[in-house]
Amino acid sequence: MTELARDMAVGVEEEFHVVDLETRQLVPRAGLLLQQLPPDRFTQELQRSVVEANTRPCTRLEDLSRELTGLRAEAVAAADGLGLGVVAAGAVPLVDAETMKISPDPRYEQMLADYQALAREQLICGTQVHAEVRDRDLAVAVTHRLAPWLPPLLALSCSSPYWMGADTGYASFRSMVWQRWPTAGPVEHFESAEEYDAMVDELVRSGVISDPGMLYFDVRPSAHVPTVELRVCDACPGWTTSC
């Protein structure tokens, strides 16, 4: 490992579906589960059927691996005591869409008002990887350098062939559901952070998005921390999946 790689902090955000252990159905009970989990490591998402785990920034992959498995184990243990399971996958097969609810947050409620069915149908989970890049111009350049690797990274993570009980014929139907957002997909080319930020400001000013956090490109300079954020991957099944 090079000195540069050792010095670069990496963190991961993993989204998990919350399901009933008996019925295997997706359930809007993330709030109940989050009451049992540390709030600095777990948070709500748009749907009440999803919880998100956040690792600490790590400079060694061995430490990051321990963080990921530890957070998964913690979520599974908390869910098990409630008769719930957590599923690390892009989508789960058994869903009654009529029972799903948006999380109680003004931002999410505004997204529901603005996007309606698109927001209601975000019954999906992804994995986001943050790599520390403090120089904003360099962060924009790195997003373009990563572009050729996005298709194989998605292919390696595919875990969502089913949607609403049906086999879709896609390995990652999550990516098909996700790409309907107006800013999802590949990022266009920008020469500098100034040019990129001007594009973000115009999208917010014109009402296409309500805030910079709604830049949903497959890879992007993060809107809130000094990182490049990889967003293309499905949530990845692992040994802690409890259903």
Side-chain angles (χ1 to χ4, degrees), residues 1-16 37-46 50-72 105-108 111 125-150 152-154 156-157 178 181-205 208-236:
M1 185 179 295
T2 67
E3 286 297 321
L4 178 60
R6 273 198 294 269
D7 292 340
M8 181 180 292
V10 177
V12 176
E13 301 169 3
E14 285 198 301
E15 297 169 349
F16 303 111
L37 294 167
D40 62 327
R41 309 305 300 282
F42 294 89
T43 187
Q44 68 180 7
E45 262 296 334
L46 173 63
V50 173
V51 297
E52 181 182 273
N54 297 276
T55 73
R56 296 182 178 91
C58 299
T59 56
R60 288 165 21 100
L61 292 180
E62 295 89 343
D63 296 334
L64 183 60
S65 176
R66 281 192 289 271
E67 282 273 312
L68 289 167
T69 55
L71 289 174
R72 285 187 174 208
D105 179 278
R107 180 172 182 263
Y108 294 149
M111 289 170 68
C125 285
T127 298
Q128 292 90 46
V129 180
H130 288 262
E132 183 181 25
V133 182
R134 293 192 169 274
D135 183 277
R136 287 276 294 169
D137 285 319
L138 179 58
V140 169
V142 169
T143 64
H144 301 316
R145 290 293 296 272
L146 283 171
W149 298 97
L150 298 180
L153 287 170
L154 175 58
L156 287 168
S157 71
W178 181 252
W181 289 106
T183 56
V187 62
E188 65 177 281
H189 187 81
F190 297 96
E191 294 295 337
S192 65
E194 182 180 10
E195 186 178 345
Y196 178 87
D197 291 339
M199 175 273 299
V200 176
D201 291 343
E202 177 60 23
L203 288 173
V204 174
R205 187 199 64 76
V208 174
I209 57 175
S210 56
D211 59 69
M214 289 188 67
L215 264 292
Y216 294 145
F217 299 133
D218 294 336
V219 61
R220 68 177 187 184
S222 173
H224 62 282
V225 289
T227 66
V228 170
E229 181 182 3
L230 177 72
R231 305 179 50 85
V232 73
C233 297
D234 279 9
C236 299

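Counting from 1, the numbers follow the sequence of the chain as shown. All values derive from a computational prediction rather than experimental measurement.
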Report task. Step by step, work out the side-chain contact (heavy atoms from CB on, under 4.5 Å) result for Asp234 and Leu154. Result -> CA-CA 7 Å; Asp234 279 9; Leu154 175 58; 4.2 Å; yes
Query raised in the report: Do you know the tightest heavy-atom contact between Pro226 and Arg134?
Result: CG-NH1, 3.4 Å
**Report entry** Side-chain donor or acceptor of Thr183 paired with backbone N/O of Met214 under 3.5 Å
**Finding:** yes
Query raised in the report: Just how far is it from atom CD of Glu52 to atom CD of Glu15, taken to the nearest 0.5 Å?
Result: 5.5 Å
Report summary line: dist Arg107:CZ -> Leu46:CG (nearest 0.5 Å) comes out at 9.0 Å
Query - Partners passing salt bridge (Lys or Arg N to Asp or Glu O under 4.0 Å) against Glu67 (at least two apart in sequence or in another chain) - result: Arg41, Arg56
I'd like a table of donor-acceptor pairs (distance under 3.5 Å, sequence neighbours excluded) in which one partner is a side-chain atom from residues 143-150, with atom names and distances.
residue, atom, partner, partner atom, Å
Thr143, OG1, Val140, O, 2.5
His144, NE2, Phe190, N, 3.1
His144, NE2, Phe190, O, 3.2

Query raised in the report: Which pair of non-hydrogen atoms, one from Asp135 and one from Asp137, has the smallest distance, and what is that distance?
Result: OD1-N, 3.1 Å
Requested in this report: Taking all heavy atoms of Trp178 and all of Ala184, pick out the closest pair and write down the distance.
Outcome: O-CB, 3.5 Å
Query raised in the report: How close do Phe217 and Pro186 get, heavy atom to heavy atom, and via which atoms?
Result: CD2-O, 4.0 Å
**Report entry** Enclosure of Glu194 CD (heavy-atom neighbours >12, cutoff 6.0 Å)
**Finding:** no
Requested in this report: Identify the heavy atoms of Ser222 and Arg136 that sit nearest to each other, and give their distance.
Outcome: O-NH1, 3.7 Å
**Report entry** Separation between CG of Leu61 and CZ of Arg66, rounded to the nearest 0.5 Å
**Finding:** 11.0 Å
Report task. Starting from the C-alpha separation in whole Å, work towards a yes-or-no answer on side-chain contact (heavy atoms from CB on, under 4.5 Å) for Val12 and Thr127. Result -> CA-CA 7 Å; Val12 176; Thr127 298; 3.8 Å; yes
Query raised in the report: Got a second to check how far Glu14's CD is from Cys236's SG, nearest 0.5 Å?
Result: 7.0 Å
Requested in this report: Could you tell me which non-hydrogen atom of Val219 sits nearest to which non-hydrogen atom of Val228, and how far apart they are?
Outcome: CG2-CG1, 3.7 Å
Requested in this report: Hey, could you give me the CG/CD distance between Leu71 and Glu13, rounded to the nearest 0.5 Å?
Outcome: 12.0 Å
Query raised in the report: In Å and rounded to the nearest 0.5 Å, what is the CG to SG distance from Leu156 to Cys233?
Result: 8.0 Å
Query raised in the report: Do Leu215 and Val187 have side-chain heavy atoms sitting under 4.5 Å apart?
Result: no
